[in-house]
Amino acid sequence: MTTPAEGSGRRPWSVRQRLLLLIVLVLTMGLTATGVISFGLQIRALNERVDAELEQEVSELRLLAQSGPENDGQPYRDVRDLFFDFLSTAVANDDEALMAVVDGTPVLFSGGDRPFDVTSPDFVEAVAALEVPEGRARATEVRTGGTALRVLVADVRLPGETREAQFVVAIDVGSQRTAISNRALTYVVLSLLVLLAVASLSHVLLGRLLRPLTELRAATAAISSDELSRRVDVEGADTDVAELAVRFNSMLDRIEAGVLEQRQFLDDAAHELRTPLTIVRGNAELVRADDPEDVESTRTLILDEVDRMQRLVDDLLMLARSQRPDFLRPAPTDVVELAMEAMDRVTVLGDRAWRLRPDAEGVAELDRQRVLQALAQLAANAVRFSEPGSAVEVSTAWADPDSEPGRRAVAAGARAAPHYLALSVRDEGIGIPADQLDRVFDRFVRADNAGQVEGSGLGLPIVRVIAQSHGGAVGVDSVEGEGSTFWLFLPG
C-alpha cells in the first residue's frame, strides 16, 4: 500500500519547508497590510490637506470681499478690483495656482513658475464646464500637462455686480501622489529584501531548530529489532523539538532494555533448562520398563528435575516481570511488624539459631511482599551455605545519608533520600572469596567454594532487582570460612 505522495511520485513537503513557507506568507501579509494601510493613510491625509488649503484660499477671498477696499466694512463693488487686490497680496505655493475668471474669461493669474499651466485650453475648458451653484464652491480634479490638479471653483457674487465671476484655486496633487508612489515602490523593494533576508535566516535557524527531527527520522528508519543502539544527538532540551528527541531517546532506552531483558531471559532459560532436559531424556531412554525399581527411581528423578525446572522458570519469569510498572505495590508499612513477619517465615527454612534485632521503628513506604521475598531469599541462602545450629541473624535499622551505612548505600546506587531502611541477614557459613564478592548478584553465578550446594543461581539477582525497584541497593560483606552479611538499603 502506498501513500498519496508515493503514488503521485511527489515528495511531501518537509516540516522545515512548511514552516518556512508559513513564516514568509505571514510576513508578506503583514508587510502588505502595513504598506496598504500606511500609504492609504498618506493619500487620505494628502487629499484632506489639499482640500483644506483650497478652502483656506476661498475663505481669505471672502474675508477680503467683506472688509472692502478701504478696510471700512464697505464691500467691493467691482469684481476685478477684488481679484486684483487679492492676487496682489496672496502668495501661492510652488504647487499652487490662483486664477480669476470673469464672464467665462480668465483675467488674472498668480505669478511664478510652475510645472503646470492653468491657462492651457484643456484646463480652462474643464473649469468652464464645471457647474457651480450660485454663491457656492465646488471641487473637482483635472488632468493637464501630465499631472493631476485638485481644483476648487468658487462662485463670486458682489452687491450691484452683474458680471459672473469665479475664483479658481488649483493645487498639483499629481506630483505629491507620485512622491508617495515612489516611497511605496521603495517600501516594496525594501520589503522584498527583508523577505529574502528573513527567509534565508529562517531557513538556517529552522534547520538548526528542527535538526533533532531530521535525526529522529533517520533514527526511526535505521532502528530495527536487531539494532536498537541508535540515538538522536541532542545538545540541550531547551525547545519542544529537542525535548521530543530526548523523550524519544528515553523511549528507545526503555525498549532496548526490555528487548535485552527478553533476550537474556531466553538465553538464560535455554542455558539452564538444557541440563535438566538432558537428564530427563537420558533417564527416560535408559529406564527398564520391566524393572519396577528402575521405573520408580527414574520417575522420582524426573519429577525432581521437573520441580527444579519449575522453580527456575518461576524465578526467570519474576526477573522478567521486574521491568513492568506494576512489579511493586508500595504502601506504608510498619517496620517492626515487617521484621516479625520475616522471622515467622524464615525460621522454618532450617535448623539454625535464628536471631532478630529489630532496631528500626516507624513506617516506611515499600512493597511488603517483595521485601519479605527478598529477606526470605537471603535467609534461604544463609541456610544453604551454613551448618545446622549455626547462628543466622536478621536485623533492621535506620541509616542517615551522612552516616557510613548511608554513604555506602549511595555509593552502591541507592537514590538520594532523607534516610534509609537497612535490612541485613548475617550467617556463620562458608563465606565468599574476596575476589568474587562483586559477582554473586549476577545471574547463574556461584562462588567457587559453593561446591554441590543446590540452587538456581537466581536468588541473589532477585534480591537485587527488588532493592533496585525500590530505588535502593544491595551488597555483601564476607570473610571466607567465617560467614557473610547481606544487606539491603531501601529509601525510607
Side-chain angles (χ1 to χ4, degrees), residues 246-247 250-251 253-254 257-258 260-261 315 318-346 356-382 392-427 437-443 458-478 484-492:
V246 170
R247 297 298 179 90
S250 300
M251 179 190 69
D253 291 339
R254 294 191 297 272
L260 291 177
E261 185 75 21
D315 290 342
M318 204 211 77
L319 288 173
R321 291 169 180 165
S322 65
Q323 303 300 320
R324 294 169 52 176
D326 60 346
F327 177 70
L328 287 185
R329 297 179 180 178
T333 303
D334 186 276
V335 177
V336 175
E337 293 181 1
L338 177 71
M340 299 297 294
E341 187 174 357
M343 283 299 296
D344 292 341
R345 294 191 179 193
V346 301
L356 176 63
R357 289 181 53 192
D359 295 337
E361 297 181 358
V363 176
E365 188 77 14
L366 48 82
D367 187 324
R368 183 177 61 85
Q369 293 294 337
R370 293 299 185 192
V371 173
L372 289 174
Q373 182 181 7
L375 290 174
Q377 288 282 3
L378 293 179
N381 192 74
V392 177
E393 182 181 82
V394 178
S395 64
T396 64
W398 290 109
D400 294 329
D402 296 332
S403 64
E404 192 279 330
R407 289 192 296 270
R408 188 174 185 181
V410 174
R415 72 166 185 261
H419 50 269
Y420 299 92
L421 176 62
L423 308 171
S424 64
V425 176
R426 183 179 64 83
D427 64 61
L437 289 176
D438 295 335
R439 301 175 55 246
V440 295
F441 289 98
D442 295 337
R443 296 184 183 186
L458 293 177
L460 294 181
I462 288 175
V463 173
R464 181 176 64 178
V465 165
I466 292 174
Q468 291 176 344
S469 299
H470 282 85
V474 295
V476 59
D477 298 318
S478 183
S484 304
T485 300
F486 288 87
W487 45 264
L488 293 84
F489 285 107
L490 307 179

For residues Ser478 and Leu437, report the shortest heavy-atom separation together with the two atoms involved. CB-CD2, 3.7 Å

Can His470 and Leu488 be said to form a side-chain contact (heavy atoms from CB on, under 4.5 Å), step by step? CA-CA 10 Å; His470 282 85; Leu488 293 84; over 6 Å; no

Shortest non-hydrogen contact between Gln369 and Arg345, atoms and distance: OE1-NH2, 3.7 Å

Are any non-hydrogen side-chain atoms of Gln373 and Arg370 less than 4.5 angstrom apart? yes

What are the two closest non-hydrogen atoms of Ala374 and Val463, and how far apart are they? O-CG2, 3.6 Å

Would a 4.5 Å heavy-atom cut-off, applied to side chains only, mark Val474 and Phe441 as touching? yes

Among Leu423, Leu490, Ile466, Leu328, which residue satisfies the side chain to side chain contact (heavy atoms under 4.5 Å, CB included) criterion with Leu366? Leu490

Min side-chain heavy-atom separation Leu378-Leu460 under 4.5 Å: yes

Find out whether Met340 and Leu356 are in side-chain contact, i.e. whether some heavy atom of one side chain is under 4.5 Å from a heavy atom of the other. yes

Answer yes or no: does atom CD of Glu365 have more than 12 heavy-atom neighbours from other residues, nucleotides or ligands under 6.0 Å? yes

Minimum-distance pair of heavy atoms, taken over all atoms of Ala360 and Val336: O-CG2, 3.4 Å

Between Ala473 and Ala409, what is the shortest heavy-atom contact and its length? CB-O, 4.0 Å

How long is the straight-line distance from CZ of Arg415 back to OH of Tyr420, given to the nearest 0.5 Å? 8.5 Å

Enter the distance from Asp400:CG to Arg407:CZ here, rounded to the nearest 0.5 Å. 10.5 Å

Nearest 0.5 Å please: distance from the CG atom of Asn381 over to the OG atom of Ser484. 8.0 Å

Write down the atom of Glu361, the atom of Trp398, and the distance for their closest heavy-atom approach. O-NE1, 2.7 Å

